[in-house]
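These notes concern the structure reproduced below.
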Amino acid sequence: SEEIPRKFRSDSYWKTRAVIHMMLGEEALAQEIFDGEVKKLHPVEKSIYAVLKNAFAGRCDRAVALADSELADRSYRYNSGVLMSIGRCLLEAGRYQGVIEQLSPLVNDRRVTLSSAEAVAPSHIMLGQAYEGIGRPDEAVPHYRRALEIWKNGDEDVPMRRHARERLDVLTAARSM
């Protein structure tokens, strides 16, 4: 794809690009972007970047500690990107109770409307997985259901959506036996 001329690139372009490189495991490229562009950001945005960087690298404890210390006195601690990244990290580490602690505030926030809730659907799926992981499948069901409700018009082939549908079907079938 064609590069956007540097003078037209916003700060969000650089943040997004750095986060995408982190998600792909390309930490060197993400760090290069951070060193060149992202470091010009507001200190809170730098802290968010550090939390995300640690979460994507699998350093869950460091990500949680940074979020708690650097973002604790700000609403940014409950930024959906921060919560979802830490939740994903903890889920991959099999730390299910931590997933529940991190993601419950996000999905229980009454200010989340259906239009903005599309970003919350993956959190519901991760919560469903966490509840299954701690042996409480009945508590997983509403999370899978809510994710599918949010993504009702989504592509059936999206892996997370397909996983939610499969797990919901298995769990509801098991309940009816």
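Note that the structure is predicted; figures quoted are calculated from it, not measured.
- The backbone N or O of E166 lies less than 3.5 Å from no partner atom in the side chain of Y144, so there is not a single donor-acceptor pair.
- Ion pair E149/R146 flagged as a salt bridge, since at least one NZ, NE, NH1 or NH2 atom sits closer than 4.0 Å to an Asp/Glu carboxylate oxygen.
- There is no side-chain donor-acceptor pair under 3.5 Å between Y96 and E101.
- With sequence neighbours left out, the salt bridge (charged side-chain N to carboxylate O under 4.0 Å, His left out) criterion links E92 to R88.
- Between G87 and V99, the shortest heavy-atom distance links the atoms O-CG2, 3.6 Å.
- By the salt bridge (charged side-chain N to carboxylate O under 4.0 Å, His left out) test, R62 is found to be paired with no residue, residues two or more places apart in sequence or in another chain being considered.
- Nearest heavy atom pair, residue Q102 against residue L83, reads O-CD2, 3.1 Å.
- Nearest approach of L91 to Q129, heavy atoms of both residues: CD2-OE1, 3.0 Å.
- Checked against ring-ring contact (aromatic ring centres under 6.0 Å, His included), H143 has the following partners two or more places apart in sequence or in another chain: H124, Y131.
- Residues passing the salt bridge (charged side-chain N to carboxylate O under 4.0 Å, His left out) test with R162, sequence neighbours excluded: none.
- In this structure, V82 and A67 approach most closely via the heavy-atom pair CG1-CB, 4.3 Å.
- With sequence neighbours excluded, no residue satisfies side chain to side chain contact (heavy atoms under 4.5 Å, CB included) with A174.
- Shown here for L127 and I100, the closest heavy-atom pair between the two residues is CD2-CA, 3.6 Å.
- A search for salt bridge (charged side-chain N to carboxylate O under 4.0 Å, His left out) contacts involving E139 returns R136, not counting sequence neighbours.
- Remark: V170 pairs with R167 by the side chain to side chain contact (heavy atoms under 4.5 Å, CB included) rule, at least two apart or across chains.
- Every residue meeting the side chain to side chain donor-acceptor pair (under 3.5 Å) condition with R165, not counting sequence neighbours, appears here in chain and number order: D169.
- Side-chain contact check for M84 versus V120: every heavy-atom pair is 4.5 Å or farther apart.
- Checked against side chain to side chain contact (heavy atoms under 4.5 Å, CB included), C89 has the following partners two or more places apart in sequence or in another chain: A55, C60.
- Side chain of R161 to main chain of L148: no donor-acceptor pair is present (N/O by atom type, distance under 3.5 Å, no hydrogens or angles).
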